[in-house]
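Throughout, residue positions are numbered sequentially from 1 according to the sequence presented. Just so you know, ligand 1 is whichever comes first in the structure, and atom 1 is the first atom listed for that ligand.
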Amino acid sequence: MEEDILKGNDKQEEEFEETLRPNFLKDYVGQEKIKENLKVFLGAAKKRKHVLDHLLLYGPPGLGKTTLAYIIAKEMNVGIKVTSGPAIERAGDLASIITNLEDGDILFIDEVHRLNRSIEEVLYPALEEFKLDIIIGKGPSAKNLRLEVPHFTMIAATTKIGLLSSPLRDRFGAVHRLDFYNEEEIGQILNRSSKILKIKVDKEGVGEIAKRARKTPRIANRLLKRVRDYADVKADGAVNLEVAKKALEMMEIDEMGLDKIDRKILKLILENFGGGPVGIDTIAAATGEESDTIEDIHEPYLMQLGFLERTRQGRKLTRKALKYLGKSDQESLL
Ligand code: ADP
């Protein structure tokens with residue numbers, strides 16, 4: 001089966017990401033404002049020997065939210081437990097995770113927007129007063145028990161901040177939005193990764209991959225691996241401009257980093273819906289892709305490129321997108 005560069009998501013992929021994950025803030029490329037902020041935030045907590053305030057990180061997948069949570073744990077020298085919204089199915093799951101933490105530890109909840117609302121309710125007193133209300137037993141003999149839990153820090157991540165309930169949002173002492181990376185930053189990440197993976201790649205090769213990596217570290221690292229595989233088979237293992245170009249062309253990733261599905265979405269909006277506006281569910285149904293995938297992976301990048309606009313009526317192509325699709329302004333007015 002063909003590996004999907006944008007989705008990935010198997011065990012091997014996780015291990016690959018782990019080997020490339022920077023451990024300290026100084027190795028975390030870009031996101032300067034967040035890093036500056038965090039340095040103050042972490043410094044103050046260390047100085048006052050306080051537990052860090054709860055922190056919310058949001059932004060498209062692959063921009064470094066999980067990495068940042070691990071780095072914070074390392075920098076603070078505390079333990080970290082990693083879970084996700086959909087993995088916490090019952091209040092009991094949450095209780096057992098939290099009661100197993102130690103003071104100062106970090107609880108990282110990925111995809112926090114998918115946390116069940118009834119579990120959110122149990123989480124609130126734990127976040128605010130470090131108390132958990134649990135019910136023991138069933139029916140008339142059920143008892144309410146209030147437990148003291150360790151003073152932990154929750155770091156939550158989401159790709160869809162709009163889906164968070166406002167009481168949950170209010171529980172965070174700091175909220176940071178991760179931005180897409182520029183080509184130079186992606187280049188730095190690629191250089192670092194190629195050193196770790198012992199891949200021979202020249203400056204032009206790095207530049208070409210950086211250009212097509214959707215401004216996203218995760219994609220950059222995946223492309224690097226795929227280009228290296230190509231170089232191993234078709235060249236002498238070294239990656240230069242020509243090898244990178246050929247490999248990326250073979251993967252059908254164009255000069256702007258768009259893949260087959262991005263192009264399918266753009267063409268569909270143009271050809272079937274006159275350039276939009278069209279609702280996300282309609283786009284999903286017509287392309288055969290899941291609307292979550294479109295919203296999380298394709299749409300943010302297309303919007304970042306200035307190809308797609310969100311209006312109240314739905315998604316609309318911009319002039320820039322029409323130009324990319326080879327339509328003149330005249331035609332687009334039709
Ligand atoms: P997210 O949690 O936002 O989906 P991750 O933290 O899992 O993203 O990052 C995906 C991959 O990209 C990881 O392998 C990580 O090493 C790399 N990465 C992300 N951000 C950076 C960064 N700022 N500097 C270096 N590598 C990064």
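- Distances from ligand 1 to the non-hydrogen atoms of P61 include at least one value under 4.0 Å.
- Residue contact check: G64 has heavy atoms under 4.0 Å from atoms 1 (P), 3 (O), 5 (P), 6 (O), 8 (O), 9 (O), 19 (C), 20 (N) of ligand 1.
- Of the protein's non-hydrogen atoms, the one nearest atom 2 (O) of ligand 1 is T66 OG1, 2.5 Å.
- For the pair R214 and F180, the cation does not sit on the ring face, since its NZ or CZ is not both under 6.0 Å from the ring centre and inside 45° of the axis.
- Of all heavy-atom pairs between L322 and L317, the closest is CD2-CD1, 4.1 Å.
- Given atom 14 (O) of ligand 1, the protein heavy atom at minimum distance is E17 O, 3.2 Å.
- Here the side chain of D27 pairs no donor or acceptor atom with the backbone of N23 at under 3.5 angstrom.
- Closest heavy-atom contact between Y28 and G64: OH-O, 2.9 Å.
- Ring geometry for F130 against H151 counts as parallel: the plane angle stays under 30°, on a 0 to 90° scale with 60° as the upper cut.
- In terms of protein heavy-atom proximity, atom 18 (N) of ligand 1 is closest to P217 CB, 3.5 Å.
- Between E242 and K245, none of the side-chain N atoms (NZ, or NE/NH1/NH2) sits under 4.0 Å from a carboxylate O, so this pair counts as no salt bridge.
- For ligand 1, the polar-atom distance check finds an N/O of R218 within less than 3.5 Å of one of the ligand's N/O atoms.
- Here is the list of ligand 1 atoms found below 4.0 Å of a heavy atom in L63: 3 (O), 8 (O), 20 (N).
- What you find for I98 and A126 is that their closest heavy atoms are CD1-CB, 4.1 Å.
- Atoms of ligand 1 found under 4.0 Å from any heavy atom of L20 (numbered from 1 in listed order, with element): 16 (O).
- Residue Y181 places a heavy atom less than 4.0 Å from ligand 1.
- Using a 4.0 Å cut-off to heavy atoms of T67, the atoms of ligand 1 that qualify are 5 (P), 6 (O), 9 (O), 13 (C), 15 (C).
- Of the possible donor and acceptor atoms, one in the side chain of D93 sits under 3.5 Å from a partner among the backbone N and O of R90.
- Among protein heavy atoms, atom 24 (N) of ligand 1 sits closest to V29 N, 3.1 Å.
- Taking a cut-off of under 4.0 Å to the non-hydrogen atoms of R21, the atoms of ligand 1 that pass are 5 (P), 7 (O), 16 (O).
- Within the cation-pi definition used here (under 6.0 Å to the ring centroid, within 45° of the axis), K225 qualifies as a partner of F16.
- Closest to atom 4 (O) of ligand 1 among all protein heavy atoms lies G62 N, 2.8 Å.
- Remark: minimum distance from atom 26 (N) of ligand 1 to any protein heavy atom is reached at P22 CD, 3.8 Å.
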